[in-house]
Amino acid sequence: MGDGRAEELADQNLGRLTETLADLGELDDTIVVFTSDNGGTGEGGAEGTRSYFSRFVHHPRLPGDWAPDVDRDPELIGGPRSLVHYPRGWGMASNTPFRLYKGHTYAGGVRVPFVLSWPEGTRDGRLVTGPRTQYQYVTDIAPTLLELAGLARPESRRGVPLQELDGTSFTPVLADPAHASIHPEQYCEMTGNRSHTATAANSSPSTGQALPYDDAEWALYDIRADPTEIHDLVAEQPELVKELSAAWEGDAWRDGVFPLPDRSGALARRHPAEERLSRPFTLLPGTPELERYRSSRLVSLRSFEIAVAVDETGEGASSPTATRAAATACTSRTAA
């Protein structure tokens, strides 16, 4: 829904929700958080595609004749019979002025808008209205909401100690627009792309990263003076690059980021849980639409057959429009 209908739908339903809360007398004491995922994406490739998952397959041993597109009638674009994706240039434009897009750890892939509303908090001083420029991260949301709600996070669950939270409450930033950031350092990783932000410095990998991974891949940007990450300072401050890359590695080991992709295909192997998808699978009448990723696992890189059983009912039953799908069976013939 690239014509604004998605935004309109979200706006209408947020309005319905807040109107209901107001009718119940709960709106003033309700914290509403509105944000987005990680920006526009380059998954459509340079030309875009009419077959999203054909372009999205990242396997080192794809057949030589693998096509990242399908010959679909352009009239189907935007309808239920196609899953298209725009060219990556539009992803870059969507994230203007930031660099690159989803899948990368430059600002275009990790920086998003964030809005928090809390009428009661504005009255008692715990929330001062206005914009904030401090660096905070998505992991800060949970501890912030817990503190605002006056709730303590459990230390264990069913006798098992809980892992320490990555984030930190930014309630002081909400109460004081001039307060310093509560989250001055953060690592990111996405399919081998990495960054580590520390106060005013952001060390990000170059677009064409090399293997094996080492400090030679990193670039350095002063994101206060250069938020669009254009001027690489790595030659001027090589020691800072080493410091940030070491900090990234420490965080990565702590949070289970390794192993990084090594282009061997190991991370593209099927998970053992997908073995059941090689057996016959039946969709009964009335089944809601399958989520796109899960449905793709039934057919992606598999040979398969689809059989549709129909009941002929009523007058004119021989007409295709008078048939009813009784069941759809998707059988994978090979577990490739």
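Each residue takes its place number in the sequence, starting with 1. Because the structure is predicted, anything quoted here is derived from the model rather than measured.
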For Y52 and E43 the tightest heavy-atom approach is OH-OE1, 2.9 Å

How far apart are the closest heavy atoms of G192 and L260, and which atoms are they?
CA-CD2, 4.5 Å

Hydrophobic cluster identity match, I230 and L100, side-chain contacts under 4.5 Å:
no

Taken to the nearest 0.5 Å, the spacing of T49 OG1 from R72 CZ works out to 9.5 Å

L233 and D222, any side-chain heavy atoms less than 4.5 Å apart
yes

Can you find a heavy atom in the side chain of R194 that is under 4.5 Å from one in the side chain of W218?
yes

Less than 4.5 Å apart, side chain to side chain, heavy atoms only: is that true for V173 and Q136?
yes

Quick one: do V138 and L174 end up in the same hydrophobic cluster if we chain Ile, Leu, Val, Met, Phe, Trp and Tyr together by side-chain heavy atoms under 4.5 Å apart?
yes

Checking L27 now: which residues fulfil side-chain contact (heavy atoms from CB on, under 4.5 Å) with it, not counting sequence neighbours?
T18, L21, A22

Can you tell if the side chain of D176 reaches within under 4.5 Å of the side chain of V128, non-hydrogen atoms only?
no

Apply the hydrophobic cluster definition, ILVMFWY joined by side-chain contacts under 4.5 Å directly or through others, and give me every member besides L162.
none

Output yes when R297 and E274 qualify as a salt bridge under the 4.0 Å nitrogen-oxygen rule, no when they do not.
yes

Does the side chain of S82 reach to within under 4.5 Å of the side chain of R50, using non-hydrogen atoms?
no

Decide whether R224 and Y135 meet the rule of one side-chain donor and one side-chain acceptor closer than 3.5 Å.
no

I need the E229 CD to S195 OG distance, nearest 0.5 Å.
8.0 Å

E75, CD: over 12 other non-hydrogen atoms inside 6.0 angstrom:
no

Excluding I77, membership of its hydrophobic cluster (Ile, Leu, Val, Met, Phe, Trp, Tyr; side-chain heavy atoms within less than 4.5 Å) reads V84

Salt bridge (Lys or Arg N to Asp or Glu O under 4.0 Å) with R132: which residues, sequence neighbours excluded?
none

Criterion side chain to side chain contact (heavy atoms under 4.5 Å, CB included) on W118 and L148, from CA distance to verdict:
CA-CA 10 Å; W118 185 24; L148 292 177; 3.6 Å; yes

Residues at least two apart in sequence or cross-chain that pass side-chain contact (heavy atoms from CB on, under 4.5 Å) with D28, listed by chain then number, are P119, R123

Taking ILVMFWY side chains as joined if any heavy atoms are under 4.5 angstrom apart, and letting links pass through other members, which residues group with L146?
L151

Single-linkage hydrophobic cluster L145~V32, side-chain heavy atoms < 4.5 angstrom
no

When the ring centroid of W253 is compared with that of Y187, is the distance short of 6.0 Å?
no

Test L220 against L244 for side chain to side chain contact (heavy atoms under 4.5 Å, CB included), laying out the working first.
CA-CA 9 Å; L220 181 69; L244 293 178; 3.8 Å; yes

What pair of heavy atoms forms the shortest contact from T191 to E189, and how long is it?
N-OE2, 3.2 Å

Under the side-chain contact (heavy atoms from CB on, under 4.5 Å) rule, collect the residues that match up with P87, sequence neighbours excluded.
W90

Once salt bridge (Lys or Arg N to Asp or Glu O under 4.0 Å) is applied, do any residues pair with D124, and if so which ones, sequence neighbours excluded?
R126

If a pair satisfies side-chain hydrogen bond (donor to acceptor under 3.5 Å, both in side chains) and one of its residues is in residues 156-170, list it, with sequence neighbours excluded.
E147-S169, D166-R254, S169-T171

Should I182 and Q134 be marked as a side chain to side chain contact (heavy atoms under 4.5 Å, CB included) after you check the CA-CA gap, both sets of side-chain angles, and the distance that decides it?
CA-CA 8 Å; I182 308 298; Q134 295 88 331; over 6 Å; no

Hydrogens and angles aside, do H183 and D140 bring a side-chain donor and acceptor to less than 3.5 Å of each other?
yes

Calculate, to the nearest 0.5 Å, the distance between atoms CG and CZ belonging to D11 and F34 respectively.
7.5 Å

Could you check whether any side-chain heavy atom of C188 comes within less than 4.5 Å of a side-chain heavy atom of Y137, counting everything from C-beta outward?
yes

Is it the case that over 12 heavy atoms from other parts of the model lie below 6.0 angstrom from the CZ atom of R153?
yes

Looking only at heavy atoms, which two atoms of G91 and Y101 are closest? And how far apart?
C-CD2, 4.1 Å

Roughly how far, to the nearest 0.5 Å, is the CD atom of E217 from the CG atom of N193?
10.0 Å

Side chain proximity check, E8 to Q12, heavy atoms < 4.5 angstrom:
yes

Do L165 and V257 sit in one hydrophobic cluster, given that two such residues count as connected whenever their side-chain heavy atoms are within less than 4.5 Å of each other, even indirectly?
no

Sequence neighbours left out, what passes side chain to side chain donor-acceptor pair (under 3.5 Å) with E185? Give chain and number order.
H196

Correct closest heavy-atom pair for V234 and D232 would be N-OD1, 3.0 Å

With distance as the sole test, does T30 use its side chain to make a donor-acceptor pair with the main-chain N or O of E26 at under 3.5 Å?
yes

Could you walk me through whether L17 and T20 pass the side chain to side chain contact (heavy atoms under 4.5 Å, CB included) test, one step at a time?
CA-CA 5 Å; L17 175 61; T20 300; 5.5 Å; no

For F114, check side-chain contact (heavy atoms from CB on, under 4.5 Å) against everything at least two apart and list the hits.
V33, T35, L116, I141, F170

Report yes if the side chains of E47 and D69 come closer than 4.5 Å at any heavy-atom pair, otherwise no.
no

Which pair of heavy atoms, one from M190 and one from G103, lies closest together, and at what distance?
CG-O, 3.3 Å

Joining Ile, Leu, Val, Met, Phe, Trp and Tyr whenever any side-chain heavy atoms lie under 4.5 Å apart, the cluster holding V110 also takes in none

Identify whether Y106 and M92 are in the same connected component of the hydrophobic contact network (ILVMFWY, side-chain heavy atoms under 4.5 Å).
yes

